[in-house]
Amino acid sequence: MAFLTNEGASSSSSSSSTHRWNYDVFLSFRGEDTRYNFTGHLYKALCDQGFNTFIDNDLQRGEEISMELLKAIELSMISIVVFSKNFASSTWCLNELIKIFECRRNGQLVIPIFYKVSPSEIRNQDGEFGIALAEHEEKFKDNIEKIQRWRTTLTEVANLSGFPYNDSYIESEFEFIQRVIKEISSTKSNRMPLFVAKYPVGINIRAEAVELLLDMELNDVCMVGIYGLGGIEKSFNKNQKSLNNVVGYGVIRMLINY
């Protein structure tokens, strides 16, 4: 699954590339459905793999989300929304989902997990989701706009690429969670920005040293090995324009990474 193609996330890549996240993952879920089973197991698996994961361990009461929770959503790189049977019956969960989608427009990645519910049930607001929303409409009859926002957001999230799971699957819940972890690991590594100093020091003199090794006046093939740790941009560096232009002089450069 290519979650990096989520609409909204790609459109804000320029702003998210310099974002400083406090959390790798934010977990949104219906406590009474999955806190002590699936979501609890997912949270432990994420922590075991080194993901800094936010989970609201306070029992959710009332309808207003705390400022602390809103801030945690804003400062998370990825939000995982665990949809379950009674998700839509909680106004807390629905308001949390609204906030998550607001952050999605600023580059946050949203991954839905459809735990024993069908994406079509959420998209069309059928079954338990339809019943719950009808009850909310009766309760908030003076605020139909709020109900419409919940309905629209539920439809949007159901259209995202996600992970469905139900009891009929041959795959065990443990194996399913491991598959989710694997995808998140890949996604996180692809979204981590490479830090480049605004005013790099010492670049030019090192570039000049490599140019001397290449012997630009010599009309011959030359190979240079550059030694260094992986991921430190030995192959290309936007500040080393002269090195990137070497190929234009007909010199073949071979980089050997150790």
Side-chain angles (χ1 to χ4, degrees), residues 3 6-9 11-12 16 21 23-35 38-39 42-43 46 53-137 139-140 143-165 180 184 187:
F3 291 106
N6 262 2
E7 293 180 6
S11 64
S12 301
S16 63
W21 312 107
Y23 303 100
D24 296 321
V25 177
F26 178 91
L27 286 177
S28 177
F29 60 99
R30 182 71 164 109
E32 70 178 45
D33 285 350
T34 65
R35 181 184 295 277
F38 176 79
T39 299
L42 175 61
Y43 174 70
L46 286 165
T53 305
F54 184 94
I55 185 171
D56 179 20
N57 284 318
D58 296 325
L59 294 179
Q60 299 168 359
R61 297 185 176 91
E63 298 172 359
E64 297 300 322
I65 302 177
S66 68
M67 290 302 298
E68 179 186 3
L69 196 62
L70 292 175
K71 201 66 178 176
I73 295 173
E74 293 174 358
L75 295 176
S76 297
M77 180 189 300
I78 301 168
S79 278
I80 298 178
V81 183
V82 181
F83 287 104
S84 55
K85 178 181 178 181
N86 296 302
F87 185 93
S89 65
S90 168
T91 57
W92 182 292
C93 289
L94 293 171
N95 287 331
E96 199 172 82
L97 189 63
I98 293 292
K99 180 62 178 179
I100 287 172
F101 258 65
E102 289 176 359
C103 293
R104 179 173 176 266
R105 298 187 187 97
N106 294 322
Q108 184 180 104
L109 183 69
V110 179
I111 300 178
I113 292 178
F114 306 101
Y115 184 72
K116 300 183 181 181
V117 295
S118 168
S120 63
E121 180 181 344
I122 301 171
R123 184 183 303 112
N124 301 322
Q125 280 118 53
D126 293 331
E128 296 295 333
F129 281 77
I131 294 172
L133 289 168
E135 292 175 351
H136 292 322
E137 284 183 341
K139 182 178 181 180
F140 299 103
N143 194 353
I144 297 301
E145 183 180 347
K146 173 185 283 191
I147 305 298
Q148 188 55 47
R149 286 190 70 191
W150 288 342
R151 287 187 178 277
T152 300
T153 305
L154 284 169
T155 300
E156 288 178 350
V157 75
N159 288 327
L160 294 180
S161 178
F163 290 91
Y165 180 83
V180 173
I184 293 172
T187 299

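We count residues from 1, following the sequence as given.
- The aromatic rings of Tyr23 and Phe54 stand perpendicular to each other, their planes meeting at an angle above 60°, with 30° marking the opposite boundary.
- Only one option out of Thr34, Thr39, Asp33 pairs with Tyr115 in a side chain to side chain contact (heavy atoms under 4.5 Å, CB included); it is Thr34.
- Residues meeting the ring-ring contact (aromatic ring centres under 6.0 Å, His included) test with Phe87, sequence neighbours left out: Phe83.
- Partners of Ser76 under the side-chain hydrogen bond (donor to acceptor under 3.5 Å, both in side chains) rule, at least two apart in sequence or in another chain, do not exist in this structure.
- For the side chain to side chain contact (heavy atoms under 4.5 Å, CB included) with Arg149, the lone residue among Ile98, Asn143, Leu97 that qualifies is Ile98.
- No hydrogens or angles considered: nothing links the side chains of Ser84 and Glu32 as a donor-acceptor pair under 3.5 Å.
- Between Val180 and Tyr165 the shortest side-chain heavy-atom distance does not fall below 4.5 Å.
- Here the side chains of Lys146 and Leu94 are not in contact, with every heavy-atom distance at 4.5 Å or above.
- Residues Tyr43 and Phe29 have side chains not in contact (no heavy-atom distance under 4.5 Å, counting atoms from C-beta outward).
- To the nearest 0.5 Å, atom CG of residue Leu75 and atom SG of residue Cys103 are 8.5 Å apart.
- The pair Lys71-Glu74 meets the salt-bridge criterion, since a charged nitrogen lies less than 4.0 angstrom from a carboxylate oxygen.
- Pairing each heavy atom of Asn86 with each of Arg30, the nearest pair is O-NE, 3.0 Å.
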(request) Check the pair Arg151 / His136 against side-chain contact (heavy atoms from CB on, under 4.5 Å), numbers first and verdict last. (result) CA-CA 11 Å; Arg151 287 187 178 277; His136 292 322; over 6 Å; no

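- Between the side chain of Glu96 and the main chain of Val81, no donor-acceptor pair closer than 3.5 Å is present.
- For Asn124, the side-chain hydrogen bond (donor to acceptor under 3.5 Å, both in side chains) test picks out no residue, with sequence neighbours left out.
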(request) Could you give me the CA-CA distance, side-chain angles and deciding distance for Leu46 and Leu27, then say whether side-chain contact (heavy atoms from CB on, under 4.5 Å) is met? (result) CA-CA 10 Å; Leu46 286 165; Leu27 286 177; 4.2 Å; yes

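- For the residue pair Ser89 and Glu135, no side-chain donor N or O sits within less than 3.5 Å of a side-chain acceptor on the partner.
- Annotation: side-chain hydrogen bond (donor to acceptor under 3.5 Å, both in side chains) contacts of Glu128 (sequence neighbours excluded): none.
- Looking at every heavy atom in both residues, Pro119 comes nearest to Ala158 through O-CB, 3.5 Å.
- In this structure Phe101 satisfies the ring-ring contact (aromatic ring centres under 6.0 Å, His included) test with no other residue, sequence neighbours excluded.
- For Thr153, there are no side-chain hydrogen bond (donor to acceptor under 3.5 Å, both in side chains) partners at least two apart in sequence or on another chain.
- Side-chain contact annotation: Glu156 with Thr152, donor-acceptor N/O pair under 3.5 Å absent.
- Nearest heavy-atom pair across Arg35 and Asp56 is NH1-O, 2.9 Å.
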